[in-house]
Amino acid sequence: LQESESENKLDGETASDSEGKSDFGGSSAVPTSDDTPEVLNRALSNLSSRWKNWWVRGILTLAMITFFFIIIYLGPMVLMTIVMCVQIKCFHEIITIGYNVYHSYDLPWFRTLSWYFLLCVNYFFYGETVTDYFFTLVQREEPLRILSKYHRFISFALYLTGFCMFVLSLVKKHYRLQFYMFGWTHVTLLIVVTQSHLIIHNLFEGMIWFIVPISCVICNDIMAYMFGFFFGRTPLIKLSPKKTWEGFIGGFFSTVLFGLLLSYVMSGYRCFTCPVEFNNDTNSFTVDCEPSELFQLQEYNIPVVLQSVLGWKTVRMYPFQIHSIALSTFASLIGPFGGFFASGFKRAFKIKDFANTIPGHGGIMDRFDCQYLMATFVNVYIASFIRGPNPSKLIQQFLTLRPDQQLHIFNTLKAHLVDRGVLGSLEDA
Amino acid sequence: EVDLEERLHELDLRSDSDIPDVPPPTDSTPEILKRALSGLSARWKNWWIRGILSLAMISGFFLIIYLGSFMLMLLVLSIQVKCYHEIITIGYRVYHSYDLPWFRSLSWYFLLCVNYFFYGETVADYFATFVQRREQLQFLIRYHRFISFALYLTGFCMFVLSLVKKHYRLQFYMFAWTHVTLLITVTQSHLVIQNLFEGMIWFLVPISSVICNDITAYIFGFFFGRTPLIKLSPKKTWEGFIGGFFSTVVFGFIFSYFLAQHQYFVCPVEYNSETNRFVTECEPSELFQMKKYSVPPLFQAVLGWETVNMYPFQMHSFALSTFASLIGPFGGFFASGFKRAFKIKDFADTIPGHGGIMDRFDCQYLMATFVHVYITSFIRGPNPSKLLKQLLILQPEQQLSVYKTLKSHLVEKGILQPSLRG
């Protein structure tokens, strides 16, 4: 109830953002239709409106979390498909907002062009990353091999076609609108598509790198809401009046704790810690390996300060749990900025939610706005601190070089390995 | 009749007068020229000013080439910064957003971040030996992505914290405007520099082809122009387009022939850590060695030769010139549409008679990306030294497994003789 009151105040303020035209304010808002299924409506008809909202949100939250677990159980292929669907839906939601803002449904070509650009950029990214994992499969099939070899050229040609179509579609009275939509499409692609591909990269590194960050963001969301609900007093930021410092700090500590516990539980299972690989013989994804040292229990000395509190001298932990502290910290401290960004965006364009897909929660984008920065952070974190570049990708690049270049690199690598003592006198020149 | 533009003006921002007036034609022509040309009529005066400035720019271009790769890199960087400044300034004018808190600083900050990221990714490879010697630089290189991301995030958080109640929409517009501009100008300039490192010929021939197409299309249009090409640019004609295409192909062909003979243009640019300079010295690759080609029977009758000595690079120059003439102009149409959309005559007034730097570089926009994609697809694979560098930072066990895979591959292909043991 508090939330809707403050929202109304904002609508009333015909800030310089708005044009002082009340009809504009009304027409651009996403219509608030009640999406709640009939079942729920009947079950909760007795409660007051505030608690009803709370229950609807709660039930939907549980439904989404259950769905998440089911997908994890079904494996990497299904996960990738879900990520793809979420990406397309987010893109659709943001583009629809653009249409609403600019009343540009009647622009020639533009809907087709937006989807075409989405296809091009996805084609480019999937070609760059996913083919590394399907490497042997690609090398076997002739058409795939050619597509892979000239991949950048083909992607660029596809993009150029879209670009030229855009230029040819410019219509005299609509130039500005068309440029706005072009810019809007590109920024949306930048946000949505790159994120989803980084998520898939993280997934291939090991499902734990996919599950722990996403869970931390969700946990932070829920915990900050709970702490704010029960203890909230000091407002955090003008952009989101519902957020409080108590919620923020409480959410931070809970998320770090949650991350530690979840990582502990997950590190014990190979299916989560092993990199996802594509097995050519069975034509399916497998997660089977020797767990790296990140996922092997080690003894750590507890700093003297905490010894008196906990009563232990040493503790057995997985090194990954230390990393999970970094991930949880980012999820709690910086992740919310993605949420503030989305709040500012909704205020700027005078919309309450991105869409009405999920009852009580809004659109898909509403749920994923904090995830936005997390995926990039995890990817950069892995690349910087966990491992270097992907060895199979390097092998693939190696195979496209000329023979003399290959020989040169091989000899340099050999000299380096001998130097390090990794390669003894086992191999002969 | 309330057309969509009118409605948009209401929707868009503060008041109806938010469309900037066409800026008064500030005449930045130097006094000398004005006095020298005071006698001529307005049309020829304009023609002469444009001509003189064109010659000045071309001479400047040759001078910089003579001064070497490092000066060229600086030039590319300066042009990038100026183009960015021009486009951002247009954004300010369109949205009257000079008084937005923080925004000017944030735009320049983002430019700095993105440049830092790109320079770190690409240029550091070329300075590998220089970097290996210094500890601090090694640290910066190893955690480069993380540092760049942290810098960008700082800017992002500053943006979120700077959102002010009455200006949300404006601020989001400028944020998006900044990002799209960065995407256009900074990526292009870095691709140009990568092409440059491949060999100066890969930098000179594409840029010259675009300039040549510009000039010859203008000249053909001036003398023979009759059929308009596209509604966006009423001055362009089909005669100019086709005439420009054929002239550019011939020009590219001849220009490549001359450049391909000199090591200075043909060799990849390398950084010599002993002399602390860039050197271009190498054994010219087979692209730049004369070969005999049989002339197709069709042309034999016309030219009277049976075979011709050509550099293989000249065949590639066909592709480059064709792109410059047929697709490059779309970059120009895009910029024309942009100027029409925001009701401006030129991007800026930097060059008398020509407009801003962006006006000169709008056709180059797509060319740099094309050349880069072309090189990586058809000329060579990935950069071997970069690959080696990445191999060397793997974990030892990964290196060992890579080594074994490479060895078996090389043995299979017969490049490496199989060892007698193991």
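These numbers come from the heavy atoms of this one structure, side chains and all, not from hydrogens, waters or symmetry mates. Proteins get letters first, then strands, A, B, ... in listed order; numbering begins at 1 in each.
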*Asks:* Tell me, side chain or backbone of B/Thr369 under 4.5 Å from chain A's heavy atoms, or both, or neither?
*Replies:*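 Looking at B/Thr369, backbone and side chain both touch chain A.
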
*Asks:* Go through the structure and list residues passing side chain to side chain contact (heavy atoms under 4.5 Å, CB included) with B/Leu161, not counting sequence neighbours.
*Replies:*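 Counting only residues at least two positions away or on another chain, B/Leu161 forms a side chain to side chain contact (heavy atoms under 4.5 Å, CB included) with A/Ile237, A/Phe337.
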
*Asks:* Which bit of A/Leu160 is near chain B, if near means a heavy-atom gap under 4.5 Å: side chain, backbone, both or neither?
*Replies:*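 Contact with chain B: side chain only.
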
*Asks:* Measure the spacing between NE2 of B/His179 and NE2 of A/His186 and express it to the nearest 0.5 Å.
*Replies:* 14.5 Å

*Asks:* State which residues pass salt bridge (charged side-chain N to carboxylate O under 4.0 Å, His left out) with B/Lys339; sequence neighbours excluded, sorted by chain then number.
*Replies:*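 With neighbours one apart ignored, the set is B/Asp359.
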
*Asks:* Which answer fits A/Thr376, side chain, backbone, both or neither, if we ask what part of it has an atom under 4.5 Å from a heavy atom of chain B?
*Replies:*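 When you check distances to chain B, atoms from both the backbone and side chain of A/Thr376 fall under 4.5 Å.
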
*Asks:* Looking at CZ of B/Phe338 and CG of A/Leu170, how far apart are the two atoms once the value is rounded to the nearest 0.5 Å?
*Replies:* 12.0 Å

*Asks:* Check the angle between the aromatic planes of A/Phe153 and B/Phe370 and answer parallel, tilted or perpendicular using the 30° and 60° thresholds.
*Replies:* tilted

*Asks:* Check the surroundings of atom CZ in B/Arg145: do more than 12 heavy atoms from other residues, nucleotides or ligands lie under 6.0 Å from it?
*Replies:* no

*Asks:* When rounded to the nearest 0.5 angstrom, what is the spacing between SG in B/Cys157 and CG in A/Leu333?
*Replies:* 10.0 Å

*Asks:* Kindly indicate whether the side chain of B/Tyr143, heavy atoms from C-beta on, has any atom under 4.5 Å from the side chain of A/Phe385.
*Replies:*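 Side-chain contact under 4.5 Å: yes.
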
*Asks:* In Å, rounded to the nearest 0.5 Å, how long is the span from OH of B/Tyr403 to CZ of A/Phe410?
*Replies:*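 Taking OH in B/Tyr403 and CZ in A/Phe410, the distance rounds to 4.0 Å.
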
*Asks:* Just do the side chain to side chain contact (heavy atoms under 4.5 Å, CB included) check on B/Phe172 and A/Val187 with the steps written out, would you?
*Replies:* CA-CA 11 Å; B/Phe172 271 94; A/Val187 176; over 6 Å; no

*Asks:* Quick one: of A/Tyr150, A/Phe340, A/Phe341, A/Phe377, who has the most non-hydrogen atom pairs under 4.5 Å with chain B?
*Replies:* A/Phe341

